[in-house]
Amino acid sequence: MKSALVIVFFLFFLSGNQAHAAYFSLPNLNHHEIPIHVPQPESIAFDCNGAPYVGVADGRIFKWLGLPFGWTEFTVTAPNRPRELCDLSTSKENEPICGRPLGLKFDLTTCELYIADAYFGLLKTGPYGGAAQVLATSAEGFPFRFLNGVDIDHQSGMVYFTDTSTIYQRRNWGLSVSTGDKTGRLMRYDPSTKNVTVLLHGLSFANGVALSKDGDFVLVTQTTAKNILRYWLRGPRANTVGTFFNLQGAPDNINRNINGEFWVAENSAGRGKAVKLDAQGNFLDAVDGLNPVSHVEQRYGNLWIGSVVNNFVGIDKCHSIFN
């Protein structure tokens, strides 16, 4: 089923809108797009059948059904969300009402979608969408202010996620940067006990999260510190943290591929870059010259790209970096 979906998607990209292909004129790179009628697809997630989902500016999460059906609304994160105000809105001032889903990740055991919404906390919904269930809105007595990234240990079911700041909300993210705010947190949610544990405090704009292939450590990006931290979960270094990699630009989301390597979305001076690292924190390769990027994920030899400025989901294929 997965391979069939991938073939359908890729055939669409080959015949679809290529108006921006020349803009992404990178060596050996084929760029294709899935346009979406609501802009700013921050993150991308893939369900148990391999279908992609995105969270967008107006607080909705969409699922791609392929041609001729296109995108369909899957769920929303805000309770009693007023459609007349929210649908197609790109105003940050509406986000506390409409919601803003950022981190998305499917539990491949239960096929449930876990959502880190910047305003409404950690949520989940079943395989067929519908109303999202709130799982957690605070930790250690402090309410979440700006949930961001999420990843899941598919063996234990534990959910790892970030709160970018305990002071500033997403609509005021610029203040978190300009003030040098270091109140971000890395947390773990246990679905069996429904408890939230704070693993790290004092992070500088805590953003993306990614577990290692074996689940022995978790990575968290610090956007303003321009680095990636590694927190050890098991083994002789358990419960210790250190720098995994220093970047030239500001990192956003981070995702692991099936080989245990990591792709990081990095931005600097209004341009985006996709950076590939191995499991030891060594640089492997990069795709440069992109629009600002928020999400980069390798699936079946293709690089899926999300952005908080684009009105499409990008897919790039470059043989040299996927080998």
Side-chain angles (χ1 to χ4, degrees), residues 1-13 16 32-36 38 40-56 60-67 69-75 77 101-117 122-130 132 148-155 157-161 208-213 215 219 252-265 274 276 293-307 310 312-317 322:
M1 179 65 176
K2 290 182 180 179
S3 60
L5 281 169
V6 171
I7 292 170
V8 170
F9 294 149
F10 193 64
L11 286 175
F12 162 69
F13 299 138
H32 308 279
E33 300 165 3
I34 308 180
I36 185 165
V38 186
Q40 303 175 21
E42 157 83 14
S43 296
I44 307 168
F46 298 86
D47 68 15
C48 291
N49 293 316
Y53 297 66
V54 294
V56 293
R60 289 182 286 179
I61 295 171
F62 287 91
K63 175 183 179 179
W64 175 249
L65 299 178
L67 291 178
F69 306 105
W71 296 98
T72 185
E73 184 177 312
F74 182 73
T75 190
T77 53
L102 297 180
L104 306 175
K105 189 68 67 172
F106 275 91
D107 184 329
L108 299 182
T109 301
T110 65
C111 297
E112 297 171 313
L113 175 63
Y114 282 80
I115 308 160
D117 185 273
L122 183 68
L123 308 96
K124 76 171 181 179
T125 188
Y128 304 105
N148 205 323
V150 65
D151 199 8
I152 299 173
D153 186 326
H154 297 297
Q155 294 182 350
M158 296 291 185
V159 181
Y160 294 83
F161 62 106
V209 184
L211 284 151
S212 66
K213 187 175 182 179
L219 301 180
D252 201 314
N253 287 319
I254 181 170
N255 290 280
R256 189 190 74 247
N257 66 17
I258 60 173
N259 300 320
E261 301 156 335
F262 299 94
W263 282 95
V264 189
K276 186 180 183 182
V293 292
S294 56
H295 184 103
V296 180
E297 185 165 355
Q298 184 180 346
R299 297 277 297 184
Y300 305 107
N302 299 316
L303 202 61
W304 293 72
I305 298 175
S307 171
N310 292 336
F312 58 84
V313 175
I315 179 170
D316 293 338
K317 186 172 183 66
F322 296 133

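The two residues Glu42 and Asn253 come nearest to each other via the heavy atoms OE2-ND2, 3.6 Å. The shortest non-hydrogen separation linking Pro101 to Gly55 is CG-CA, 4.0 Å. Taking all atoms of both residues into account, the shortest heavy-atom contact from Leu102 to Asn148 is CB-O, 3.5 Å. Nearest heavy-atom pair across Ile44 and His295 is O-CE1, 3.2 Å. Residues Val54 and Leu104 approach most closely at C-CD1, 3.8 Å, considering heavy atoms. Summarising the geometry of Asn310 relative to Pro41, their closest heavy-atom pair is O-CD, 3.2 Å, with the distance given to 0.1 Å.
Here the straight-line distance linking atom CG of Asp153 with atom CG of Leu211 works out to 5.5 Å at 0.5 Å rounding. Distance CH2/Trp64 to CG/Asp47: 14.5 Å, rounded to 0.5 Å. Separating the NZ atom in Lys105 from the CG atom in Asp151 is a distance of 4.5 Å, to the nearest 0.5 Å. Between atom CD1 of residue Ile254 and atom CH2 of residue Trp263 there is a gap of 12.0 Å, rounded to the nearest 0.5 Å. A distance of 4.5 Å separates CD1 of Ile115 from CG of Leu113, quoted to the nearest 0.5 Å. From Phe262, atom CZ reaches atom CG of Leu219 across 4.5 Å, with rounding to the nearest 0.5 Å.
Here the side chain of Thr75 pairs a donor or acceptor atom with the backbone of Gly130 at under 3.5 angstrom.
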### Query
What's the verdict on side-chain contact (heavy atoms from CB on, under 4.5 Å) for Asn255 and Trp304, showing C-alpha distance, side-chain angles and the deciding distance?
CA-CA 11 Å; Asn255 290 280; Trp304 293 72; over 6 Å; no
### Message
Using the rule given for side-chain contact (heavy atoms from CB on, under 4.5 Å), can you reason through Val293 versus Asp252, listing the C-alpha separation, both sets of side-chain angles and the distance that settles it, and then say yes or no?
### Response
CA-CA 8 Å; Val293 292; Asp252 201 314; over 6 Å; no
### Message
Test side-chain contact (heavy atoms from CB on, under 4.5 Å) on Asp316 and Ile305; report intermediate values, then the result.
### Response
CA-CA 8 Å; Asp316 293 338; Ile305 298 175; 3.0 Å; yes
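Residues Tyr114 and Phe161 keep their aromatic ring centres 6.0 Å or farther apart.
Every residue meeting the side-chain hydrogen bond (donor to acceptor under 3.5 Å, both in side chains) condition with Glu112, not counting sequence neighbours, appears here in chain and number order: Thr110, Lys124. The side-chain hydrogen bond (donor to acceptor under 3.5 Å, both in side chains) search around Asn257 returns Glu261, Gln298, not counting sequence neighbours.
Put simply, the side chain of Val38 does not reach to within 4.5 Å of the side chain of Trp71, judged on heavy atoms.
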